[in-house]
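Here is the structure we will look at, set down as structure tokens.
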Amino acid sequence: MKLIKPFLTISGFTFISKILGFIRDILIAAFVGAGVIADVFFVAFKLPNFFRRLFAEGAFSAAFIPIFSSILKTEGKHKALRFSSEVLSLLFFVLFIVIIIFEFLMPLIVYFLAPGFANDPIKLNLLIEFSRITFPYLFFISLVSLYTGVLNSFNKFAAGSAAPILLNLTFIAFIFCFEEIFKTKGHMLSWAVFFAGFFQLIFLMFAIFKNDLQIFFVRPKYSRHIKKLFKLIVPGAIGAGVIQINLLIDVILASFLNTGSISYLYYAERINQLPIALIGVALGTALLPTLSKQISKNEKGKALYTQNRAVEFCLTLAIPASIAIFIIAEPIIESFFQRGEFSQTDTILSAKALQAFAVGVPAYVLVKILAPIFFSRQDTVTPVKIAIFCVFINFLFNIILMQFYQHVGIAIATAIASWLNCLLLFYILLKSKEFVFDKLLKENFKKMLIANIIFAILVFYFKDFINIFSSYRFLNLSIFVLLSIGFYFLLLSFFKIFIFSNFRLFKLR
């Protein structure tokens with residue numbers, strides 16, 4: 001089964017998207033900094049993004065892809081596309097109703113989203129306006145997720161992975177070209193979200209047409225496949241989106257803190273999302289269709305081998321990413337965002353949040369790998385039970401830690417909850433024998449720990465070289481990161497941890 005090739009495709013396009021995303025955030029930081037407009041816009045952007053990651057990219061993909069893959073294997077392409085057409089018709093209708101309801105009830109919804117804004121009429125009114133503009137993005141991006149799921153099931157990963165690039169390009173274009181025609185910079189950014197979703201949908205519709213996958217509006221039947229989709233999608237929403245639920249809780253609680261707290265968490269999270277997207281999301285996206293096919297064929301040995309290599313590959317990249325981000329958090333924030341309206345104080349406060357988030361990077365990434373193992377077996381109940389418990393733990397630690405560490409306490413709580421979620425998923429899989437650590441993973445993990453201790457010492461010892469030439473902070477950081485990556489791969493080679501033949505297309509033994 002091929003995993004490395006789709007992983008590289010997804011990760012490659014994701015990397016391009018993230019680079020453009022950083023350019024987008026650099027421009028936002030320079031234009032609006034970490035003040036009132038920034039705080040309000042980030043909350044308004046969080047609303048559709050929360051549902052996107054929770055349902056469209058989380059629960060929907062987790063429920064839809066295994067069912068679609070199973071139909072494709074057992075009943076053929078025509079039946080599978082008929083199923084996707086029925087889902088398209090249902091999804092379109094449901095989303096349309098949801099958007100109308102949310103637009104009408106937006107004043108009430110934003111009150112629950114950011115209750116800390118209730119005593120500030122300016123913030124609250126702006127949030128209602130911005131949220132009404134950004135929320136239809138959910139409609140567009142949910143249909144994008146359907147088309148992406150169909151393409152991924154046919155091993156066509158490029159279009160879905162490239163679509164987020166359009167989001168960032170739209171932001172950049174609006175910031176450079178349309179600032180003057182909007183009431184505030186926040187209104188401009190909100191309309192950029194709306195149009196970005198529209199452009200992404202058109203792009204995916206073209207990809208579906210180009211690959212001759214005929215998906216049209218039809219009269220949906222309440223078939224056993226549709227019943228199964230609904231049965232899986234609700235618990236999957238929580239199981240796949242525990243991180244997003246925790247981050248939403250972070251925003252709600254941060255609204256009670258000083259102005260700028262939401263922005264500090266946003267900028268820190270943006271950096272933290274890079275390894276999660278490049279490693280966890282990319283590998284998890286490639287893993288789900290592969291495991292679903294192996295499970296449907298009852299190839300348990302191959303599935304276990306695939307899972308071990310996925311975890312090994314994940315840890316090989318996630319552990320050093322966590323170490324490096326934690327050690328050089330301040331130079332990273334400074335290089336990317338400290339300009340224009342974004343001050344040195346903003347850098348320090350954002351960097352502290354980034355360090356707290358960085359502690360959880362391996363856990364965030366592993367959850368993206370472990371969740372598809374459950375979903376490929378059409379089990380969304382177990383992750384949801386774990387997720388509910390972890391959301392409670394996150395909320396509890398948020399309330400406690402924010403009293404002492406303000407917004408940094410919120411980030412620490414998120415990391416703690418993610419580690420707990422990761423460990424509980426591992427425990428259930430190991431107990432049920434759905435995951436068994438093989439000899440190769442055990443041996444490489446021991447060597448991985450030694451290599452990363454050496455790597456941490458190196459990064460810590462040489463981190464001050466990033467600031468040698470203060471006028472070229474971003475260039476200094478880029479060179480330092482490239483050299484660090486090079487040294488880390490030398491360590492992998494020395495300890496013989498990463499042998500490409502073991503991962504070559506994840507060829508199964």
Checklist line | Reported CD1-to-CD1 distance for the pair I101 and I109, which is rounded to 0.5 angstrom | finding: 9.0 Å

Next item on the list: Measure the SG-CD1 distance between C422 and I386 for me, rounded to the nearest 0.5 Å.
Entry: 10.0 Å

Margin query: Quick one, H187 with S190, criterion side chain to side chain donor-acceptor pair (under 3.5 Å). Give me CA distance, side-chain angles, the key distance, then yes/no.
Written below: CA-CA 5 Å; H187 286 86; S190 299; over 6 Å; no

Next item on the list: Output the distance between atom CD1 (I262) and atom OG (S255), rounded to the nearest 0.5 Å.
Entry: 5.5 Å

Next item on the list: Give a yes or no answer on whether the side chain of T148 reaches the backbone of V144 with a donor-acceptor pair at less than 3.5 Å.
Entry: yes

Note to self: If we ignore hydrogens and angles and just use 3.5 Å, is the side chain of H407 paired with the main-chain N or O of G260 as donor and acceptor?
What the structure shows: no

Notebook entry, point to check: Taking the side chain from S350 and the backbone from T347, do they hold a donor-acceptor pair closer than 3.5 Å?
Noted result: no

Next item on the list: Could you please spell out the steps behind the side chain to side chain contact (heavy atoms under 4.5 Å, CB included) verdict for I412 and F357?
Entry: CA-CA 6 Å; I412 295 171; F357 279 133; over 6 Å; no

Checklist line | pair F203-F199: side-chain heavy atoms closer than 4.5 Å | finding: no

Notebook entry, point to check: With a 4.5 Å limit on heavy-atom distance, are the side chains of L201 and Y147 in contact?
Noted result: yes

Next item on the list: Answer yes or no: is there a side-chain heavy-atom contact under 4.5 Å between V193 and F135?
Entry: no

Item checked: Passing option when F45 is tested against F171, Y266, F130 for ring pair (Phe, Tyr, Trp, His ring centres under 6.0 Å) -> F171

Next item on the list: Taking all heavy atoms of A413 and all of N398, pick out the closest pair and write down the distance.
Entry: CB-OD1, 3.3 Å

Margin query: Using the side-chain hydrogen bond (donor to acceptor under 3.5 Å, both in side chains) criterion, which residues pair with E334? Sequence neighbours excluded.
Written below: none

Item checked: Shortest non-hydrogen contact between A80 and F68, atoms and distance -> O-CE1, 3.1 Å

Notebook entry, point to check: Near I181 CD1, under 6.0 Å, is it more than 12 heavy atoms from other residues, nucleotides or ligands?
Noted result: yes

Notebook entry, point to check: Are any non-hydrogen side-chain atoms of Q355 and E330 less than 4.5 angstrom apart?
Noted result: no

Next item on the list: Quick one: closest heavy-atom pair of F112 and L108, and the distance?
Entry: CD1-O, 3.2 Å

Notebook entry, point to check: Going from CD1 on I328 to CD1 on I323, what distance comes out if it is rounded to the nearest 0.5 angstrom?
Noted result: 12.0 Å

Checklist line | I37 CD1 to F42 CZ distance, which is reported to the nearest 0.5 Å | finding: 11.0 Å

Next item on the list: Quick one: closest heavy-atom pair of S131 and M106, and the distance?
Entry: CB-SD, 3.6 Å

Margin query: Quick one about N421 and S418 (side-chain donor to acceptor, distance below 3.5 Å, no hydrogens or angles considered), yes or no?
Written below: no

Checklist line | Flag, side chain of N394 to backbone of C390, donor-acceptor distance under 3.5 Å | finding: no

Note to self: Give me the atom names and distance for the closest heavy-atom approach of I325 to A358.
What the structure shows: CG2-CB, 3.6 Å

Note to self: Under the side-chain hydrogen bond (donor to acceptor under 3.5 Å, both in side chains) definition, can you give me all pairs with a residue in residues 31-41, not counting sequence neighbours?
What the structure shows: D39-S263

Checklist line | Residues E269 and K46 bridged, charged N to O under 4.0 Å | finding: yes

Next item on the list: Applying ring pair (Phe, Tyr, Trp, His ring centres under 6.0 Å), name anything that partners F326, two or more places apart in sequence or on another chain.
Entry: none

Next item on the list: Please answer whether the main-chain N or O of I122 pairs with a side-chain N or O of D120 as donor and acceptor at a distance below 3.5 Å.
Entry: yes

Margin query: Counting neighbours of OH on Y405 that are heavy atoms of other residues, nucleotides or ligands and sit closer than 6.0 Å, is the number greater than 12?
Written below: no

Next item on the list: Report the distance from atom CD1 of I410 to atom CD1 of I399, rounding to the nearest 0.5 Å.
Entry: 8.5 Å

Check: Looking at F140 versus F194, is the centre-to-centre ring distance below 6.0 Å?
Finding: yes

Note to self: Would you call the rings of F92 and F96 parallel, tilted or perpendicular, taking 30° and 60° as the class edges?
What the structure shows: parallel

Checklist line | S17 vs N168 side-chain heavy atoms within contact, under 4.5 Å | finding: yes

Next item on the list: Answer yes or no: is there a donor N or O on one side and an acceptor on the other, between the side chain of N272 and the main chain of A268, under 3.5 Å?
Entry: no

Check: Does the ring centre of F342 sit less than 6.0 Å away from the ring centre of Y267?
Finding: yes

Note to self: side chain to side chain contact (heavy atoms under 4.5 Å, CB included), that's the test. Do F31 and E341 meet it? Break it down for me.
What the structure shows: CA-CA 6 Å; F31 270 60; E341 297 294 323; over 6 Å; no

Checklist line | side chain to side chain contact (heavy atoms under 4.5 Å, CB included) evaluation trace for I175 with L189 | finding: CA-CA 8 Å; I175 290 172; L189 295 173; 4.0 Å; yes

Note to self: Would T414 and F397 count as a side chain to side chain contact (heavy atoms under 4.5 Å, CB included) here? Give the steps.
What the structure shows: CA-CA 8 Å; T414 301; F397 275 97; over 6 Å; no

Check: In a check of side-chain contact (heavy atoms from CB on, under 4.5 Å) between L204 and each of L166, L151, V150, L143, which one passes?
Finding: L151

Next item on the list: Look only at the side chain of S85 and the backbone of L81, and say whether a donor-acceptor pair between them is shorter than 3.5 Å.
Entry: yes

Next item on the list: Answer yes if the side chains of K123 and T259 hold a donor-acceptor pair under 3.5 Å, and no otherwise.
Entry: yes

Checklist line | Set of side-chain hydrogen bond (donor to acceptor under 3.5 Å, both in side chains) partners for Q344, sequence neighbours left out | finding: Q338

Next item on the list: Applying side chain to side chain contact (heavy atoms under 4.5 Å, CB included), name anything that partners F336, two or more places apart in sequence or on another chain.
Entry: F22, I26, I271, I332, F474, L477

Next item on the list: Can you see which heavy atom on A411 is nearest to which on L265, and at what distance?
Entry: CB-CD2, 4.3 Å

Item checked: Residues in salt bridge (Lys or Arg N to Asp or Glu O under 4.0 Å) contact with R24, at least two apart in sequence or another chain -> none

Check: With a cut-off of 6.0 Å (strictly less than), are more than 12 heavy atoms of other residues, nucleotides or ligands near NZ of K156?
Finding: no

